[in-house]
Amino acid sequence: IMKQILWFRRDLRINNNAILAHAKDEVLPIFIFDTNILDTLPKNDKRLTFIYQSVLNLKKELQNIGLDLAIFYGTPHEIFEDLSDTYDEVLFSCDFDNYAKRRDLFIQSLMPVQRFYDSFLIHPSNALKSDGTPYKVFTPFYKSLEVIWDSLHIDEYKRNPHLSLCEYDYSNIPTLKSMGFEETDLPDFLQMSSIEVLEAFIPKLTEYKKARDFFAMHSTSNLATHLRFGLISPKQIFNMVRDIPQSEFFIRELFWREFYNYILYHFPKSEKENFNGKTIEWNQNKEQFKAWCDGNTGVPIIDAAMRHLNNTGTMHNRLRMIVASFLTKNLFLPWQWGEKYFAVKLLDYEASSNIGSWQWGASTGADSLPYFRVFNPY
């Protein structure tokens with residue numbers, strides 16, 4: 001009988017979940033509040049409240065199907081060094097940023113692993129040009145996946161109903177306070193379930209293309225944070241909206257998310273370096289950067305957008321484009337500074353999308369806007 005660790009990370013759901021579909025025999029489901037990540041975050045980070053509530057909810061959902069969730073606080077290194085002698089292997093869904101790859105290789109040195117790919121629709125290695133090289137432009141990439149976006153349904157993972165639970169003390173649950181974080185108020189869309197958010201958005205799909213600008217924010221999906229932490233999968237979203245008239249524009253946005261993950265996978269240096277290889281002598285003025293961060297530039301739309309971000313952890317996509325253009329093309333400050341700031345502030349921070357979008361705005365990335373195109377902040 002196999003004893004498997006099911007390591008939930010950014011797949012905090014029991015439906016359409018790869019590790020629950022591929023698990024067998026006895027399982028120890030776990031979640032780790034990773035101090036390597038948490039130690040870099042402010043103590044009032046709203047994401048921690050959301051993740052904490054989502055993890056407790058996952059624990060309840062697992063209990064409802066006869067399983068449970070062991071919740072740890074510490075480094076994955078230490079925790080797996082303790083667990084590796086007792087269990088046969090660990091199943092997890094992988095990410096492609098530098099920290100995630102280093103972490104997973106270390107765990108693999110301790111015990112056998114099964115990697116799955118559960119946060120995106122495609123694996124980046126499955127969408128290459130005829131010569132075997134990766135696409136660098138979105139439209140050909142998107143068209144190459146016609147068999148997916150033109151389909152009416154993508155098969156979802158089906159949970160193995162025959163799992164039994166390993167003996168373990170599942171009662172030890174760290175509190176937000178014990179981890180050094182404050183409980184914060186969450187926006188309404190994070191107090192709803194993912195399905196409720198999606199169902200509220202579906203009637204707006206027909207007007208999404210025209211009405212998604214920041215002066216009509218009620219028409220955005222509000223799904224990005226749920227998607228980021230895997231309370232819903234992109235397959236589930238695709239399947240729920242695909243047969244709705246005029247849904248393709250929204251589906252195209254899902255594939256931009258796929259594209260940026262694809263770029264980070266094939267070009268890992270782009271996490272820190274200019275994708276197009278250009279050397280740019282950026283301005284290094286920290287005072288101008290602080291004014292941008294605080295919303296004190298004197299340019300009304302920039303300041304309003306940044307203050308809103310600082311207060312809520314949210315920013316409309318069009319406003320992200322405008323403030324990124326202003327930082328890199330009006331102030332001539334490095335896109336890496338803006339990317340790092342957004343990484344701390346955005347509730348829906350997704351490394352690949354954030355890096356790709358900042359490089360797009362700075363005209364240094366894959367399929368970027370031309371360098372001479374500048375968003376007029378007035």
### Query
Does a donor on one side chain sit under 3.5 Å from an acceptor on the other, for Q236 and N15?
no
### Query
Under a 4.5 Å cut-off applied to non-hydrogen side-chain atoms, are E253 and S221 in contact?
no
### Message
With ring-ring contact (aromatic ring centres under 6.0 Å, His included) as the criterion, how do F201 and Y208 come out once you've worked through the C-alpha distance, each side chain's angles and the decisive distance to 0.1 Å?
### Response
CA-CA 9 Å; F201 169 63; Y208 177 75; 5.7 Å; yes
### Query
Hey, mind stepping through I263 and F96 against side-chain contact (heavy atoms from CB on, under 4.5 Å) and telling me if it holds?
CA-CA 10 Å; I263 292 295; F96 299 125; over 6 Å; no
### Query
Do any N or O atoms from the side chain of Y135 and from the backbone of S144 form a donor-acceptor pair under 3.5 angstrom?
no
### Task
For R9 and D118, run salt bridge (Lys or Arg N to Asp or Glu O under 4.0 Å): C-alpha distance rounded to whole Å, both residues' side-chain angles, the deciding distance at 0.1 Å, then the answer.
CA-CA 10 Å; R9 304 200 300 207; D118 203 10; over 6 Å; no
### Task
Ignoring hydrogens and angles, tell me if any N or O in the side chain of E258 forms a donor-acceptor pair with the backbone of I122 under 3.5 Å.
yes
### Query
Got F50 and L231 here, is their nearest side-chain heavy-atom distance under 4.5 Å?
yes
#### Entry: I355 vs F275 side-chain heavy atoms within contact, under 4.5 Å
no
### Message
Would you say V374 ends up clustered with L333 if hydrophobic residues are merged whenever their side chains have heavy atoms under 4.5 Å apart, either directly or through other cluster members?
### Response
no
### Message
List the residues meeting ring-ring contact (aromatic ring centres under 6.0 Å, His included) with F106, not counting sequence neighbours, and say none if there are none.
### Response
H77
### Query
Atom CG in L331, atom OG in S325: separation rounded to 0.5 Å?
10.0 Å
### Message
For K136, is the NZ atom crowded, meaning more than 12 foreign heavy atoms sit under 6.0 Å from it?
### Response
no
### Message
Y260 vs W256, test: ring-ring contact (aromatic ring centres under 6.0 Å, His included). Steps then yes/no.
### Response
CA-CA 6 Å; Y260 283 142; W256 268 104; 5.5 Å; yes
### Query
Same hydrophobic cluster for V344 and W335, using side-chain heavy-atom links shorter than 4.5 Å among ILVMFWY?
no
### Message
Applying salt bridge (Lys or Arg N to Asp or Glu O under 4.0 Å) to R10 and D97, what does each step give before you reach the verdict?
### Response
CA-CA 13 Å; R10 45 177 301 183; D97 62 274; over 6 Å; no
### Task
Find out whether F33 and V55 are in side-chain contact, i.e. whether some heavy atom of one side chain is under 4.5 Å from a heavy atom of the other.
yes
### Query
Taking Q336 for the side chain and K272 for the main chain, is one N or O donor matched with an acceptor at less than 3.5 Å?
yes
### Query
What are the two closest non-hydrogen atoms of L176 and L48, and how far apart are they?
CD2-O, 3.9 Å
### Message
Using only atom types and a distance under 3.5 Å, with no angle test, would you say the side chain of Q359 pairs donor to acceptor with the backbone of S368?
### Response
no
### Query
Are the side chain of H226 and the backbone of F189 linked by a donor-acceptor contact shorter than 3.5 Å?
yes
### Message
Are F80 and W7, when compared by the centres of their aromatic rings, separated by less than 6.0 Å?
### Response
yes
### Query
Side-chain heavy atoms under 4.5 angstrom apart, residues restricted to Ile, Leu, Val, Met, Phe, Trp, Tyr: same cluster for Y371 and I280?
no
### Query
So with a 6.0 Å cut-off around NE2 of H162, is the heavy-atom count from everything else above 12?
no
### Summary
On a heavy-atom basis, the closest approach of G361 and K329 is O-CE, 3.5 Å
### Message
Determine whether a donor-acceptor pair (N or O, by modelled atom type, separation under 3.5 Å) exists between the side chain of T297 and the backbone of W292.
### Response
no
#### Entry: Test: E89 and K24 ion pair at under 4.0 Å
no
### Task
Would you tell me whether S93 and D11 have side-chain atoms, one donor and one acceptor, within less than 3.5 Å of each other?
no
### Query
Would you say the side chain of L121 lies within less than 4.5 Å of the side chain of K235, judging by non-hydrogen atoms?
yes
### Query
Quick one: are N310 and K345 in side-chain contact, heavy atoms under 4.5 Å?
yes
#### Entry: Nearest heavy-atom neighbours spanning P76 and D34
CD-OD1, 3.3 Å
### Message
Do R257 and F259 form a cation-pi contact, if we require the NZ or CZ to be under 6.0 Å from the six-membered ring centre and within 45 degrees of the ring's axis?
### Response
no
### N-O pairing of D68 and K59 below 4.0 Å
yes
### Query
Is atom NZ of K278 surrounded by more than 12 heavy atoms (other residues, nucleotides or ligands) closer than 6.0 Å?
no
### Query
Would you say the side-chain atoms of Y73 and N172 include a donor-acceptor pair closer than 3.5 Å?
no
### Query
CG/L67 to CG/L28 distance, rounded to the nearest 0.5 angstrom?
10.5 Å
### Query
Counting distance only, does the side-chain N/O of D25 pair as donor-acceptor with the main-chain N or O of K3 below 3.5 Å?
no
### Query
Can any side-chain N or O of D45 pair as donor or acceptor with the backbone N or O of R47 at less than 3.5 Å?
yes
#### Entry: Co-membership, hydrophobic cluster, residues I65 and I30, 4.5 Å side-chain
yes
### Residue pair M179 / Y52, side-chain heavy-atom distance below 4.5 Å
yes
#### Entry: Heavy atoms from other residues, nucleotides or ligands near CG of D185 exceed 12 (cutoff 6.0 Å)
no
## Note on the structure
On a heavy-atom basis, the closest approach of L347 and T225 is O-CG2, 3.5 Å
### Query
What distance do I5 atom CD1 and L83 atom CG have between them, rounded to the nearest 0.5 Å?
4.5 Å
### Task
Working to the nearest 0.5 Å, report the span between CG of N222 and CG of D188.
9.5 Å
### Query
Could K286 and W337 be counted as a cation-pi pair, given that NZ or CZ must be under 6.0 Å from the ring centre and within 45° of the axis?
yes
### Query
Do you know which two heavy atoms are closest between M315 and L309, and how far apart they sit?
CE-CB, 3.7 Å
### Query
When hydrophobic residues are tied together by side-chain contacts of less than 4.5 Å, even through go-betweens, does L227 share a cluster with Y265?
no
### Task
Show the numbers, then the answer: is there a ring-ring contact (aromatic ring centres under 6.0 Å, His included) between F116 and Y157?
CA-CA 11 Å; F116 297 97; Y157 294 112; 7.5 Å; no
### Query
F138 versus R252: any side-chain heavy-atom pair under 4.5 Å?
yes
### Query
Without hydrogens or angle criteria, can the side chains of Y117 and N126 be said to hold a donor-acceptor pair below 3.5 Å?
no
### Query
Measuring from S352:OG to N261:CG, what's the distance to the nearest 0.5 Å?
4.5 Å
## Note on the structure
Of all heavy-atom pairs linking L110 and S84, the shortest is O-CB, 4.0 Å
### Derivation and outcome, side-chain contact (heavy atoms from CB on, under 4.5 Å), residues Q53 and Q191
CA-CA 10 Å; Q53 291 177 0; Q191 297 180 46; 5.8 Å; no
### Message
Around atom CD1 of I1, are there more than 12 heavy atoms from other residues, nucleotides or ligands closer than 6.0 Å?
### Response
no
### Task
Report the distance from atom CD1 of I251 to atom CD1 of I148, rounding to the nearest 0.5 Å.
11.5 Å
### Message
Under a 3.5 Å distance rule, please check whether S363 uses its side chain to pair with a backbone N or O of F372 as donor and acceptor.
### Response
no
### Query
Is it true that the side chains of N44 and E182 contain a donor and an acceptor less than 3.5 Å apart?
no
### Query
Any sub-3.5 Å donor-acceptor pair from S247's side-chain atoms to I244's backbone N or O?
yes
### Query
Take atom NZ in K158; do more than 12 heavy atoms of anything else shown fall under 6.0 Å from it?
no
